[in-house]
Amino acid sequence: MRRILLGIVVLLVLAAVGFFALAWRSEIEPVTAGTAAEFDPELVARGAALAAVGNCIACHTVPGSKAFSGGLALPTPFGTIYSTNITPHPETGIGQWSEEAFQRAMREGVDREGNHLYPAFPYDHYTLVTEEDNRALYAYLMTREPVDAAVPDNDLPFPINYRPILAGWKLLFFDEGEFEPDPDQSEAWNRGAYLAEGLGHCGSCHTPRNRFGALESGGHWSGGEAEGWAAFAIDETSPAPIPWDGDSLSFYLANGWHPHHGVSRGPMAEVTENLGTLPQADIDAIAAYVASVMGEPDAERQSRAQQILQEVESGPEMQAVNAASQTEAGSSDEIGAAIYQSACAVCHEGVRDLPFGGLHLSMSTAVNAPNPQNLINLTLYGLPAADGVRSAMMPGFGAVLSEEELLALFTYIRDRFSDQPEWNDLAERIRATRSGEYHVRVLPSDGIERGPSNIGASNDDGDT
Ligand code: HEC
Ligand code: HEC
Ligand code: HEC
């Protein structure tokens, strides 16, 4: 008996030693912050473009404060993680980081002192970035204005607050290593794949996650979520009524809208705002790669799309006749139809072209998707105006429609503008969204949040 016990103790000690050996990373010596002049301006410019693809500024800046100074709260199912200050400030930023330390953070998710980083920092994608591109990113960050700003401590429960356990997470879920081009594909395709899978980290929102917050293997781009929004499938299961192709994707990613797909919203608005600054060749490469992941739509989808486009072009008179003949007097469908006609049709079947007019809802992914979340978010909170520029706008109806009315409205919209089955989680999602459970982040269509105010949160008050 004692021998067995001893054996177990020895095994446990060995396991612990093994774990620490695995978890341990050395500190990389601090350096004195390099002066801006030491970096080649061309390298810095390249880094700026790469930082836009990586959307670094969105996570590393609290709206209204200095760029890259960190402190943005990222709610996760496990607790709140705060982004760090990545300006070259020597104490509160990464001013003491050598290029080697930065390269390691991007590739392995380890900070300069050797601590494992949480994958809220999407190094599970950034690991694909080449050494050369990381050098440019480093040059760009090191030439930003240093900002003295300490960030709050993470608010995570034990044992998740204990960083060495991240070594176990990495062992299970993290594949380290640079992007390897596929020799059977064109150069542009490989460029697109490199940008989308690596710095663009499309999968961090568009791929579903498991209980451990890791990307589901086998679920690549099949639809995930981000900041209270559904990030629709962008693989062959894309629910878009009018199938995407290379041209429409390229236009949408560069401009943040498309006449057959509407305006990009929520966290995607930030993505398109940033991608819009890229050279056209890079946008086209990403679009071509995404289109190849989606594949060619089958004949049935194509003919349905043709039918939708014809109906939309047939004009509002025809549609109104059709709609009227479909609803029964006094039914909940009639209530939904009445709300739609008075509150929505004026813009969504109106005469203004996109992006300032609304999309005909039979072309809307939000209405045709398996998940009603984005339709709910849009109707409750609308699309706020972007400062100083002409932008797509929609009022929020959170304060004027009751839960029953919203339910009737969405049931009617789904029935009339899609051939998909009813949503069975609709009532529950309306309730949970209104009570603020999903922390919906509402952004204007240019993706730039001007202040710390969250329209979503303020509208949640008093609804329940
Ligand atoms: C989705 C949000 C998100 C994006 C996008 C993002 N980061 Fe971060 N980043 C974080 C979070 C959160 C942390 C802190 C992780 C932790 O505390 O373990 C972090 C940490 C870091 C660190 C470690 C700094 C330190 O002091 O430990 C570096 C370096 C970094 N990010 C650079 C970048 C760069 C460069 C980009 C763009 C290419 C980027 N990040 C994009 C969320 C993000
Ligand atoms: C921070 C999270 C996030 C990232 C990163 C992200 N997306 Fe999205 N994306 C979303 C969300 C949320 C939506 C749905 C928004 C909406 O309803 O407009 C969306 C919508 C889209 C759509 C429209 C789908 C449709 O049928 O309407 C496309 C296409 C798309 N994303 C492509 C990409 C590509 C390509 C990348 C990488 C370069 C990317 N996204 C990165 C969150 C993200
Ligand atoms: C004052 C004009 C206006 C009104 C009223 C309005 N919308 Fe919108 N809506 C817009 C604009 C502009 C957009 C952005 C363009 C787009 O994507 O359709 C938009 C976007 C949408 C989208 C996203 C479509 C997509 O997939 O791109 C949905 C869904 C939507 N609105 C639903 C509604 C509903 C439901 C109502 C009525 C309760 C309504 N809207 C009332 C102007 C309006």
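Read the numbers this way: they start at 1 and go in the same order the structure lists the ligands and their atoms.
- Across M393, H348, H258, E405, heavy-atom proximity to atom 21 (C) of ligand 3 is greatest for H348.
- Residue L409 touches ligand 3 through its side chain alone, judged by heavy-atom distances below 4.0 Å.
- Atom 8 (Fe) of ligand 1 has no N, O or S atom of C56 closer than 2.8 Å.
- Between atom 36 (C) of ligand 2 and the options P243, C202, S204, A369, the minimum heavy-atom separation is to C202.
- The pair K170-E108 does not count as a salt bridge, with every side-chain nitrogen at least 4.0 angstrom from each carboxylate oxygen.
- Near W97, meaning under 4.0 Å from any of its heavy atoms, are these atoms of ligand 1: 23 (C), 24 (C), 25 (C), 26 (O), 27 (O), 29 (C).
- Using a 4.0 Å cut-off to heavy atoms of D111, the atoms of ligand 1 that qualify are 27 (O).
- With respect to the salt-bridge test (charged N to carboxylate O, under 4.0 angstrom), the residues R414 and E422 do not qualify.
- Taking a cut-off of under 4.0 Å to the non-hydrogen atoms of I81, the atoms of ligand 1 that pass are 12 (C).
- Atom CZ of R434 is separated from atom CG of L380 by 6.0 Å, given to the nearest 0.5 angstrom.
- Ligand 2 has a nitrogen or oxygen under 3.5 angstrom from a nitrogen or oxygen of T365.
- Looking at F417 and N368, their side chains never come closer than 4.5 Å, going by heavy atoms from C-beta outward.
- Interface of L199 with ligand 1, defined as ligand atoms under 4.0 Å from a residue heavy atom, comprises 38 (C).
- In terms of polar-atom proximity, defined here as any N/O pair under 3.5 Å, N85 makes no such contact with ligand 1.
- Here the N, O or S atom of H60 that is nearest to atom 8 (Fe) of ligand 1 is NE2.
- At a 4.0 Å heavy-atom cut-off, ligand 1 touches P122 through the side chain alone.
- If you check each of R352, M394, H360, Q341 against atom 10 (C) of ligand 3, the one with the closest non-hydrogen atom is M394.
- Looking only at heavy atoms of the protein, atom 20 (C) of ligand 1 is closest to T84 OG1, 3.3 Å.
- Residue contacts with ligand 1: N55 is placed with no nitrogen or oxygen under 3.5 Å of a nitrogen or oxygen of the ligand (distance criterion only).
- At a 4.0 Å cut-off, not a single heavy atom of A196 sits close enough to ligand 2 to count as contact.
- Close approach of ligand 1 to L74 is summarised as follows: ligand atoms under 4.0 Å from at least one heavy atom of the residue are 12 (C).
- Ring centroid separation for the pair Y289 and W189 comes in under the 6.0 Å cut-off.
- Within the 4.0 Å heavy-atom criterion, neither part of V53 lies near ligand 2.
- Of the options L383, I339, V263, the smallest heavy-atom separation from atom 13 (C) of ligand 3 is shown by L383.
- Side-chain contact annotation: S98 with E29, donor-acceptor N/O pair under 3.5 Å absent.
- Aromatic rings from Y138 and W97 are positioned such that their centres are separated by 6.0 Å or more.
- D425 places no side-chain N or O within 3.5 Å of a backbone atom of R429 that could act as its donor or acceptor partner.
- With 2.8 Å as the limit, T379 does not count as an N, O or S neighbour of atom 8 (Fe) of ligand 3.
- Heavy atoms of P395 found under 4.0 angstrom from ligand 3 belong exclusively to the side chain.
- In this structure, I413 is part of the shell of residues with a heavy atom less than 4.0 angstrom from ligand 3.
- In the candidate list S248, G54, A230, A230 is nearest to atom 12 (C) of ligand 2, counting heavy atoms.
- Counting heavy atoms under 4.0 Å from ligand 3, residue L359 touches it through both backbone and side chain.
- Under a 4.0 Å heavy-atom criterion, M363 is not in contact with ligand 3.
- Of all the atoms in ligand 1, the ones that sit under 4.0 Å from a non-hydrogen atom of R163 are 16 (C), 17 (O), 18 (O).
- Between the side chains of Q302 and Q306, no donor-acceptor pair of N or O atoms lies under 3.5 Å.
- Vertex atom 8 (Fe) of ligand 2, arms ending at NE2 of H206 and SD of M268: the angle is 180° after rounding to 10 degrees.
- In this comparison of A287, G203, G198, C205, the heavy atom closest to atom 5 (C) of ligand 2 sits on C205.
- With rounding to the nearest 0.5 Å, the separation of OG in S83 from CD1 in I57 is 11.5 Å.
- Contact annotation for I86 and ligand 1: only side-chain heavy atoms (C-beta onward) come within less than 4.0 Å of the ligand.
- The protein heavy-atom contact nearest to atom 29 (C) of ligand 2 is L249 CD2, 3.5 Å.
- Between E300 and R304 there is no salt bridge, since no side-chain nitrogen of the basic residue lies less than 4.0 Å from a carboxylate oxygen of the acidic one.
- In the candidate list Y252, Y289, W257, F232, Y252 is nearest to atom 22 (C) of ligand 2, counting heavy atoms.
- Rounded to the nearest 0.5 angstrom, I283 CD1 and L278 CG are separated by 5.0 Å.
- Within the listing of ligand 1, atoms 16 (C), 18 (O) sit less than 4.0 angstrom from a heavy atom of Y118.
- The protein atom (non-hydrogen) at minimum distance from atom 2 (C) of ligand 3 is C347 SG, 1.9 Å.
- Of the candidates V367, L378, N377, it is L378 that places a heavy atom closest to atom 28 (C) of ligand 3.
- Aromatic ring centres of F251 and W257: separated by under 6.0 Å.
- In terms of polar-atom proximity, defined here as any N/O pair under 3.5 Å, R265 does make such a contact with ligand 2.
- For the pair H201 and ligand 2, the shortest N or O to N or O distance does not fall below 3.5 Å.
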